[in-house]
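Report on the structure given below.
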Amino acid sequence: MSWSLYVFTGGAIVLVVLALLSVGRLFLGPTSADRLVALDTINTFVVGLMILIAAITDSIIMVDVAIVYGALSFVGALFLARYMEGGV
């Protein structure tokens with residue numbers, strides 16, 4: 001096994017731990033804005049995790065899926081922010 005596999009796996013573990021910590025903020029956030037930021041943070045961690053998995057497995061398709069997921073996550077966050085503002 002090469003050292004890069006250990007580095008990518010360590011990075012993936014760190015992202016999963018940070019995403020799990022953000023789930024606490026998602027459920028316990030005092031305001032709706034805190035919950036929205038936590039959801040967007042979790043989505044960002046998921047995109048990073050997908051990129052790391054693509055690097056580990058040498059999968060080009062996973063990178064494309066991560067890009068589409070990131071774009072949809074961004075649009076969803078914009079829609080939810082607009083809804084919270086009362087504009088929808």
Side-chain angles (χ1 to χ4, degrees):
M1 291 188 149
S2 67
W3 63 272
S4 63
L5 180 64
Y6 293 119
V7 171
F8 288 146
T9 305
I13 290 170
V14 168
L15 283 177
V16 168
V17 169
L18 290 174
L20 290 176
L21 289 174
S22 295
V23 169
R25 175 57 64 188
L26 181 66
F27 289 120
L28 301 175
T31 65
S32 296
D34 289 332
R35 290 185 175 107
L36 180 61
V37 169
L39 181 64
D40 196 37
T41 303
I42 291 169
N43 284 330
T44 303
F45 288 147
V46 168
V47 169
L49 188 62
M50 292 169 93
I51 296 295
L52 281 175
I53 290 172
I56 291 170
T57 61
D58 290 330
S59 173
I60 302 298
I61 292 293
M62 191 70 141
V63 175
D64 293 337
V65 170
I67 291 170
V68 170
Y69 181 79
L72 290 175
S73 168
F74 175 71
V75 170
L78 287 178
F79 177 76
L80 287 173
R82 182 78 183 244
Y83 177 75
M84 284 174 38
E85 189 179 77
V88 177

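Not measured: the values here are computed from a predicted model.
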Could you pull out the closest heavy-atom pair between [X] and [Y], with the gap in Å?
{"X": "I51", "Y": "A66", "answer": "CD1-CB, 3.7 Å"}
{"X": "A54", "Y": "M62", "answer": "CB-CB, 3.6 Å"}
{"X": "L26", "Y": "I42", "answer": "CD2-CD1, 4.1 Å"}
{"X": "R25", "Y": "P30", "answer": "NH1-CD, 3.2 Å"}
{"X": "F27", "Y": "R35", "answer": "O-NH2, 3.8 Å"}
{"X": "G29", "Y": "D34", "answer": "CA-CB, 4.3 Å"}

Hey, what do you get for [atom1] ([X]) to [atom2] ([Y]), rounding to the nearest 0.5 Å?
{"X": "F45", "Y": "L21", "atom1": "CZ", "atom2": "CG", "answer": "8.5 Å"}
{"X": "T57", "Y": "L52", "atom1": "OG1", "atom2": "CG", "answer": "10.5 Å"}
{"X": "T44", "Y": "D40", "atom1": "OG1", "atom2": "CG", "answer": "4.5 Å"}

Do you reckon [X] sits in the same ILVMFWY cluster as [Y], going by side-chain contacts under 4.5 Å, direct or chained?
{"X": "V23", "Y": "V46", "result": "yes"}
{"X": "V75", "Y": "L36", "result": "no"}
{"X": "L5", "Y": "F8", "result": "yes"}
{"X": "M84", "Y": "L39", "result": "yes"}

- [ ] For V37, check side chain to side chain contact (heavy atoms under 4.5 Å, CB included) against everything at least two apart and list the hits.
- [x] T41
Open item on the list: Donor-acceptor pair, distance only, cut-off 3.5 Å: does the side chain of S22 make one with the backbone of L18?
Closed with: yes
- [ ] Evaluate side chain to side chain contact (heavy atoms under 4.5 Å, CB included) for M50 paired with V65, printing each intermediate quantity in order.
- [x] CA-CA 8 Å; M50 292 169 93; V65 170; 3.3 Å; yes
Open item on the list: Heavy-atom count check: over 12 atoms from other residues, nucleotides or ligands less than 6.0 Å from F74 CZ?
Closed with: no
Task: Close side-chain approach of V16 and L20, heavy atoms under 4.5 Å - done: yes
